[in-house]
Amino acid sequence: MIKRVIYFTNVGEKVKEEIEKHYVTDLILSSDGRKEDAKCFISDGFKYHNPIIFIGALGIAVRMMKDLSQDKLKDSAFIVMDERKKFVIPVLSGHMGGAIELSYDLSNKLGSEVVITTATDVEEKFSIDTFARINHLKIKNKEMIKRVSAKVLDGKEIRIAIPEGFKIIGEPWDKVNIKNYNNINDLIDLTERNDKNADNTICNVDVLITSGSDLNKSFLDKVLILNPKNYIFGIGVRKGKTFEEINEFLISNGIDSQWMEDNILYLSSIDLKLKEEGLLNLASFYHTELVTFNAEELAALKGDFKESEFVKETVGVSNVCERAAALLAHRLDDSFDNKLFKEKTAGNGITFAVVKIDRRQFSWR
């Protein structure tokens, strides 16, 4: 993963170095605010949706990022901590951006205290947007998050509808009830009303997990809709390829940006690309993760893939994009049959392939 760290003093720089030691598998981009344009560094982080760790005063941090926040589903996780490592404060995108989770991880590694102010976390209640993030579920109508959270804080039961055959594993949250359905329309109750212009539809659930896109308007107005992301992108890139180059190549080959945002489950590649900045920015931008495999793991996968001797001589395996996507698919879906949604496409030092998996299992925490 990729993280941005900004500091302003010699003590802050030492904290940055300590963070680097704890996150050796991550790509840490850092900036000395005394020598570089701090606001520009932060702005770039928001552009790619990178998590940002600000080592300094909370007031200064707020002034620097106040005009950058635009969408709670896309904003960067923004964390402020003092240079003595006493406190870690998730300021922005605590749930969808993962700022709260990262703050607790930092506190465990650095011996700091986390300062939490979000109501559901203070009360240790169920957070529907955190549930959506950890399960890679696209939130279709974000305005409904508030309604669900309000019911949680009021101590009311939250009803989540999932398709028959799906399940949520782990320890369930208190006052969360699961309802399995075969037909979405079974979740609608009709009641008589005197006002003929009134919407007489009542939905008997609060959250609906569905792969369907053609929904009754009543659902969009009354129920939080969560769509599973099911597509894995296998990608190979020449060293130094930027986010802009990779993203534009995907778009120019028929993969719409909005479609990617709605559907990308994971990016996958060879471990030689673990810290490739352009690839990591792509993962960060689409709010997913880059999963990598070594050459031996990729080569051991059986299947009919487009092979290249040049690629084999360069990285040790004759195909990266198709094999990486398929290997990850096998590990996530026992029924995956090596079928490619989009076969290897190559050009400009970039290759990619896409597979689709069947996801029927989610986690509570």
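What you see below is based on every heavy atom in this structure, not just the backbone, and it leaves out hydrogens, waters and symmetry mates.
When each of R159, K222, K175 is checked for a salt bridge (Lys or Arg N to Asp or Glu O under 4.0 Å) with D206, only R159 meets the rule. Residue Y181 forms a side chain to side chain contact (heavy atoms under 4.5 Å, CB included) with just one option from T210, V205, I209, and that option is T210.
Under 4.0 Å is where a charged nitrogen must lie from a carboxylate oxygen, and between D32 and R34 at least one such pair does.
In terms of the side-chain hydrogen bond (donor to acceptor under 3.5 Å, both in side chains) criterion, residue partners of S284 (sequence neighbours excluded) are, by chain and number, N50. Looking at residues two or more places apart in sequence or on another chain, you find no side-chain hydrogen bond (donor to acceptor under 3.5 Å, both in side chains) involving S252.
Apart from I169 itself, the hydrophobic cluster it occupies contains nothing, where clustering links Ile, Leu, Val, Met, Phe, Trp and Tyr at side-chain heavy-atom distances under 4.5 Å. Residue I19 belongs to a hydrophobic cluster whose other members are V5, Y7, V15, Y23, I28, I53, I55, I79, M81, V88, L102, L106, L110, with links defined by side-chain heavy atoms closer than 4.5 Å. The hydrophobic cluster containing V114 also includes I100, Y104, I116, V122, under a criterion of side-chain heavy atoms closer than 4.5 Å among ILVMFWY residues, counted directly or through chains of members. When hydrophobic side chains of Ile, Leu, Val, Met, Phe, Trp and Tyr are connected at separations under 4.5 Å, L153 ends up as a singleton with no cluster partners.
I168 places a side-chain heavy atom less than 4.5 Å from the side chain of F131. Side-chain contact between F293 and L301 is absent, with no heavy atoms from C-beta onward closer than 4.5 Å. Counting heavy atoms from C-beta on, the side chains of I232 and L332 come closer than 4.5 Å. Within the 4.5 Å cutoff, side-chain heavy atoms of L224 are placed close to those of V148.
F233 and L265 end up in different hydrophobic clusters when Ile, Leu, Val, Met, Phe, Trp and Tyr side chains are linked at under 4.5 Å. Tracing side-chain contacts under 4.5 Å through hydrophobic residues (I, L, V, M, F, W, Y), one reaches W259 starting from I235; they form part of the same cluster.
Shortest non-hydrogen contact noted between D37 and C40 is OD1-N, 3.1 Å.
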Let's go through F243 and F285 carefully: what are the C-alpha distance in whole Å and the side-chain angles of both, what is the deciding distance for ring pair (Phe, Tyr, Trp, His ring centres under 6.0 Å) to 0.1 Å, and is it a yes or a no?
CA-CA 9 Å; F243 160 83; F285 184 83; 5.0 Å; yes
Test side-chain hydrogen bond (donor to acceptor under 3.5 Å, both in side chains) on D121 and H95; report intermediate values, then the result.
CA-CA 10 Å; D121 296 283; H95 293 149; 2.6 Å; yes
With side-chain hydrogen bond (donor to acceptor under 3.5 Å, both in side chains) as the test, would you mind laying out the steps for D75 and S69 before giving the verdict?
CA-CA 6 Å; D75 285 338; S69 174; 2.6 Å; yes
Identify each donor-acceptor pair in which a side-chain atom of residues 352-362 lies under 3.5 Å from a protein atom, sequence neighbours left out, and give them as a table.
unit_1 : atom_1 : unit_2 : atom_2 : d
D358   : OD2    : R360   : NE     : 2.7
R359   : NH1    : N135   : O      : 3.3
R359   : NH1    : H136   : O      : 3.2
R359   : NH1    : K229   : O      : 2.9
R359   : NH2    : N135   : O      : 2.5

Return a table of donor-acceptor pairs under 3.5 angstrom between the side chains of residues 272-280 and protein atoms on other chains or two or more places apart.
unit_1 : atom_1 : unit_2 : atom_2 : d
K273   : NZ     : V237   : O      : 2.9
K275   : NZ     : V24    : O      : 2.6
K275   : NZ     : D26    : O      : 3.4
E276   : OE2    : G240   : N      : 2.6

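Around atom CD of Q258, more than 12 heavy atoms belonging to other residues, nucleotides or ligands sit under 6.0 Å away.
Without hydrogens or angle criteria, S268 side chain to L328 main chain gives no donor-acceptor distance under 3.5 Å. Under a 3.5 Å cut-off, the side chain of E313 and the backbone N or O of F310 do not form any donor-acceptor pair. Looking at S103, its side chain does come within 3.5 Å of a backbone N or O of A99 through a donor-acceptor pair.
Sequence neighbours left out, the pairs with a member in residues 247-272 that pass salt bridge (charged side-chain N to carboxylate O under 4.0 Å, His left out) are K74-E261, K138-E261, K138-D262. The salt bridge (charged side-chain N to carboxylate O under 4.0 Å, His left out) contacts involving residues 85-95 comprise E18-K85, where partners must be two or more places apart or lie in separate chains. Contacts classified as salt bridge (charged side-chain N to carboxylate O under 4.0 Å, His left out) and involving residues 89-117 (residues at least two apart or in different chains) are given here: E101-R133, D105-K109. Applying the salt bridge (charged side-chain N to carboxylate O under 4.0 Å, His left out) test to every pair with at least one member in residues 284-308, sequence neighbours left out, gives these pairs: E297-R331, K306-E343, E307-R323.
Checking Y286 against S257 by side-chain atom types alone, a donor-acceptor pair falls below 3.5 Å.
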